[in-house]
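Along the sequence shown, residues carry numbers from 1. Ligands are counted one by one from 1 in listed order, and the atoms in each one are counted from 1 as well.
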Amino acid sequence: MTTSVKWLGHSAFQVITGGKSILIDPFFNGNPAAQISAGDVAADVILVTHGHGDHVGDTVEIAKRTGALVISNFEIITWFQKQGVENAHPMHIGGSHRFDFATVKLTIAHHGSELPDGSYGGNPTGIILKIADGNIYFAGDTGLFYDMKLIGEENIAVAVLPIGDNFTMGPEDSIKAIKLLEPQTVIPAHYNTWPLIDQDAAAWGDRVATETSAKPAVLQVGDEYIL
Ligand code: NI
Ligand code: MN
């Protein structure tokens with residue numbers, strides 16, 4: 001079995017494992033970095049880290065079209081259900097659940113989570129996907145926090161970290177995060193979508209390679225990393 005992680009732009013990723021398509025924060029319509037539209041993407045599962053529009057994205061449209069199982073925190077799942085999403089599974093921070101595609105664990109993230117219509121979206125989360133090919137940690141939108149040390153104890157093969165700065169940690173703090181997490185590989189996200197979060201990912205990758213034990217995997221939108 002192989003597992004792939006494809007960057008779909010901004011914080012949107014597609015993990016394919018065991019023949020299933022798992023979307024993370026599927027923001028396509030209105031995403032200047034996206035190369036695909038919500039009407040085209042395949043999904044068996046959709047995971048949403050927090051309530052902001054650039055992460056909730058097109059979840060409702062994709063879930064209704066595909067019947068994909070939607071997983072997020074309790075408050076966001078309640079909001080999705082009010083919009084007619086039927087196949088949904090609420091979780092919350094610290095909880096794990098074994099699904100047929102992976103074990104999912106939600107972690108803390110330091111950020112906001114208000115939903116696009118102003119509804120309360122609970123606390124923001126990160127996501128750990130525990131897969132036989134290796135554990136993948138999606139930090140979501142967050143600043144640096146020292147408890148990443150504990151997340152690192154989960155044996156992270158691939159960490160997906162924001163580096164855009166302004167709304168999340170930037171390159172400098174991401175280096176500290178990598179030292180706490182000690183993943184084998186790190187993929188940058190949440191940058192170059194808009195000028196406000198432009199970053200030099202190649203320069204960041206050089207720093208990761210020289211200053212940490214992790215291997216940087218700087219993807220172009222549409223590229224995939226194979227575990
Ligand atoms: Ni956000
Ligand atoms: Mn965001």
Side-chain angles (χ1 to χ4, degrees), residues 5-15 22-38 41 46-62 70-80 83 90-93 104 106-129 136-145 147-148 151 158-174 177-178 181 186-201 204 218-219 221:
V5 181
K6 182 188 282 189
W7 192 30
L8 301 177
H10 198 53
S11 274
F13 285 83
Q14 180 182 41
V15 175
I22 302 156
L23 300 181
I24 318 293
D25 290 349
F27 169 48
F28 306 119
N29 296 338
N31 176 355
Q35 295 176 346
I36 57 173
S37 71
V41 67
I46 303 171
L47 293 154
V48 177
T49 58
H50 66 287
H52 291 164
D54 56 320
H55 298 260
V56 166
D58 308 300
T59 297
V60 172
E61 178 185 334
I62 298 167
V70 180
I71 302 167
S72 190
N73 77 22
F74 181 85
E75 292 83 0
I76 293 170
I77 289 298
T78 301
W79 187 76
F80 283 144
Q83 295 178 71
M91 294 182 66
H92 233 307
I93 292 165
V104 175
L106 298 189
T107 73
I108 60 167
H110 290 304
H111 192 66
S113 188
E114 185 177 76
L115 287 152
D117 66 357
S119 296
Y120 176 63
N123 285 312
T125 70
I127 296 165
I128 304 173
L129 287 184
I136 308 171
Y137 168 54
F138 292 90
D141 282 5
T142 187
L144 174 67
F145 54 92
D147 286 0
M148 285 182 172
I151 295 171
V158 178
V160 178
L161 301 181
I163 66 161
D165 220 339
N166 193 79
F167 298 112
T168 67
M169 61 180 153
E172 194 68 37
D173 279 357
S174 80
I178 295 162
L181 291 162
V186 60
I187 297 173
H190 212 273
Y191 70 99
N192 288 6
T193 317
W194 300 284
L196 184 58
I197 55 173
D198 277 351
Q199 296 295 338
D200 183 343
W204 171 86
V218 176
L219 305 179
V221 174

Short side-chain donor-acceptor distance under 3.5 Å, His10 and Asp25: no

NE2 (His111) to the Ni ion (ligand 1) to ND1 (His52) angle, given to the nearest 10 degrees: 90°

Test applied, side-chain contact (heavy atoms from CB on, under 4.5 Å); reference residue, Pro26; option that passes from Leu8, Ile46, Asp58: Ile46

Result of checking Ile128, Asp147, Thr125 against Thr107 for side-chain contact (heavy atoms from CB on, under 4.5 Å): Ile128

N, O or S of His10 under 2.8 Å from the Mn ion (ligand 2): no

Proximal heteroatom of Asp54 relative to the Mn ion (ligand 2) (N/O/S): OD2

N, O or S atom within His55 nearest to the Mn ion (ligand 2), by name: NE2

Geometry at the Mn ion (ligand 2) - His190 NE2 versus Asp141 OD2 angle, rounded to 10 degrees: 100°

N, O or S from His55 under 2.8 Å to the Ni ion (ligand 1): no

Asp141 backbone or side-chain N/O/S under 2.8 Å from the Ni ion (ligand 1): yes

Other residues, nucleotides, ligands: >12 heavy atoms within 6.0 Å of Glu172 CD: no

Parallel, tilted or perpendicular: ring planes of His55 versus His190, cut at 30 and 60 degrees: parallel

Validation row: Asn123, Ile108 side chains within 4.5 angstrom (heavy atoms): no

